[in-house]
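As structure tokens, the structure follows; a few thoughts come after it.
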Amino acid sequence: MPWVTLLSAVVGAVIATSSAALLDRFRWRRDRHDHLIGVRRALYGDYLECLSQARNVFRSLGRSLEAATAERERIARDGFAPCYGMRYQVSITASKEVFEASEVAFRRLRDLRDLVAAGTLASDEAYVRSRLVYDDALTQLRAAMRQNLGADRVPAPPSVPQE
């Protein structure tokens with residue numbers, strides 16, 4: 001009978017070790033996922049902030065009647081320049097859907113930049129059309145980001161202990 005006791009101890013040790021390893025694996029995957037979501041949330045916020053700052057520069061330029069053409073072009077390009085670095089960060093970190101939406105928004109904002117740099121004023125029809133197209137692209141980008149981050153997901157209700 002001593003071999004039955006030994007066998008029981010070995011089987012128990014294997015089960016305990018296996019379940020601990022499995023739990024560690026699940027915990028590692030969850031932590032990795034949580035970290036990725038945190039990194040993406042920060043990057044998406046920074047990217048939206050960068051686009052917003054550039055958009056505000058273009059809004060100011062679109063209302064300015066005093067700036068010369070060369071100065072408008074310089075201000076517009078300088079205002080948009082930080083968006084390039086953020087764009088590259090998004091391209092390597094974001095999901096495919098977010099990256100594609102970010103490219104559309106980036107290009108539409110660049111189109112707006114080009115209009116403002118060329119002297120188009122905020123009251124011109126071309127400016128208004130371009131701004132609306134950008135606004136639509138930005139709305140799509142934010143929706144893709146929210147989807148990717150699970151921001152609209154309804155959390156599961158807490159489990160109630162059985163008595």
Side-chain angles (χ1 to χ4, degrees), residues 17-64 67-122 124-159:
T17 303
S18 298
S19 57
L22 189 60
L23 287 174
D24 281 345
R25 171 96 171 124
F26 286 137
R27 188 176 300 120
W28 173 79
R29 288 181 71 192
R30 185 189 66 227
D31 290 348
R32 193 173 115 207
H33 179 263
D34 290 348
H35 176 72
L36 178 60
I37 292 296
V39 167
R40 283 181 174 171
R41 181 175 286 116
L43 175 61
Y44 294 171
D46 290 347
Y47 187 58
L48 291 173
E49 179 183 4
C50 189
L51 294 176
S52 176
Q53 289 172 350
R55 170 69 181 91
N56 287 331
V57 169
F58 305 154
R59 181 181 298 126
S60 295
L61 275 176
R63 293 179 179 161
S64 173
T69 304
E71 183 183 1
R72 291 177 73 86
E73 186 173 313
R74 183 192 55 76
I75 293 170
R77 294 203 184 284
D78 289 349
F80 192 63
C83 296
Y84 283 98
M86 295 302 300
R87 175 190 189 198
Y88 299 135
Q89 289 182 45
V90 168
S91 74
I92 63 170
T93 305
S95 68
K96 179 182 178 196
E97 294 78 17
V98 171
F99 171 67
E100 290 171 354
S102 75
E103 282 294 295
V104 172
F106 178 88
R107 289 182 179 129
R108 297 304 73 87
L109 186 58
R110 187 176 58 195
D111 294 344
L112 187 60
R113 176 207 63 191
D114 292 345
L115 284 174
V116 171
T120 305
L121 297 176
D124 294 345
E125 181 63 30
Y127 178 94
V128 172
R129 261 194 322 269
S130 184
R131 190 198 73 227
L132 291 174
V133 170
Y134 168 70
D135 289 345
D136 287 343
L138 184 61
T139 298
Q140 294 298 316
L141 173 58
R142 285 194 309 257
M145 288 174 169
R146 290 183 61 80
Q147 172 73 30
N148 184 245
L149 295 174
D152 296 328
R153 216 174 285 138
V154 177
S159 60

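Excluded from the calculations below are hydrogen atoms, water molecules and symmetry mates; all remaining heavy atoms, backbone and side chain alike, are included.
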Apply the test side chain to side chain donor-acceptor pair (under 3.5 Å) to residues Asn148 and Ser95: give CA-CA distance (whole Å), side-chain angles for both, the deciding distance (0.1 Å), then the verdict. CA-CA 7 Å; Asn148 184 245; Ser95 68; 3.3 Å; yes
Which is it for Gln140 and Val104 under the side chain to side chain contact (heavy atoms under 4.5 Å, CB included) test, yes or no, and what are the steps along the way? CA-CA 9 Å; Gln140 294 298 316; Val104 172; over 6 Å; no
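For the pair Arg77/Asp114, a side-chain contact is recorded, criterion being any heavy-atom separation below 4.5 Å from C-beta on. Side-chain atoms of Ile37 and Leu149, non-hydrogen and from C-beta on, do get closer than 4.5 Å to each other. Between Arg59 and Tyr127, some side-chain heavy-atom pair lies under the 4.5 Å cut-off. Side-chain contact between Met145 and Tyr47: present, with at least one pair of heavy atoms (C-beta onward) separated by less than 4.5 Å.
With rounding to the nearest 0.5 angstrom, the CG atom of Leu48 is 6.5 Å from the CG atom of Leu138. Rounding to the nearest 0.5 angstrom, the gap separating the NZ atom in Lys96 from the OG atom in Ser91 is 14.5 Å. In this structure, CG in Leu112 is found 12.5 Å from CZ in Arg110, a value given to the nearest 0.5 Å.
Between the side chain of Arg108 and the main chain of Glu103, no donor-acceptor pair closer than 3.5 Å is present. Side-chain N or O atoms of Asp136 include none that pairs as donor or acceptor with a backbone N or O of Val133 at under 3.5 Å. In terms of modelled atom types and a separation under 3.5 Å, the side chain of Thr139 and the main chain of Asp135 share a donor-acceptor contact. Side-chain N or O atoms of Arg63 include none that pairs as donor or acceptor with a backbone N or O of Ala122 at under 3.5 Å. Using a distance-only test at 3.5 Å, with no hydrogens or angles considered, no donor-acceptor pair links the side chain of Arg55 to the main chain of Leu109. A distance-only check finds a donor-acceptor pair linking the side chain of Arg72 to the backbone of Val116 [under 3.5 Å].
Salt-bridge check for Asp78 with Arg74: passed, with a basic side-chain N closer than 4.0 Å to an acidic carboxylate O.
Aromatic pair Phe106/Phe80: centroids less than 6.0 angstrom apart.
Val98 and Leu141 make their closest contact through O-CD1, 3.8 Å (heavy atoms, listed as atom of the first residue, atom of the second, distance). The two residues Gly79 and Ala54 come nearest to each other via the heavy atoms O-CB, 3.4 Å. A pairwise comparison of heavy atoms in Ala105 and Ala137 identifies CA-CB, 3.7 Å as the closest pair.
The aromatic rings of Tyr84 and Tyr88 sit tilted relative to each other, their planes meeting at an angle between 30° and 60°.
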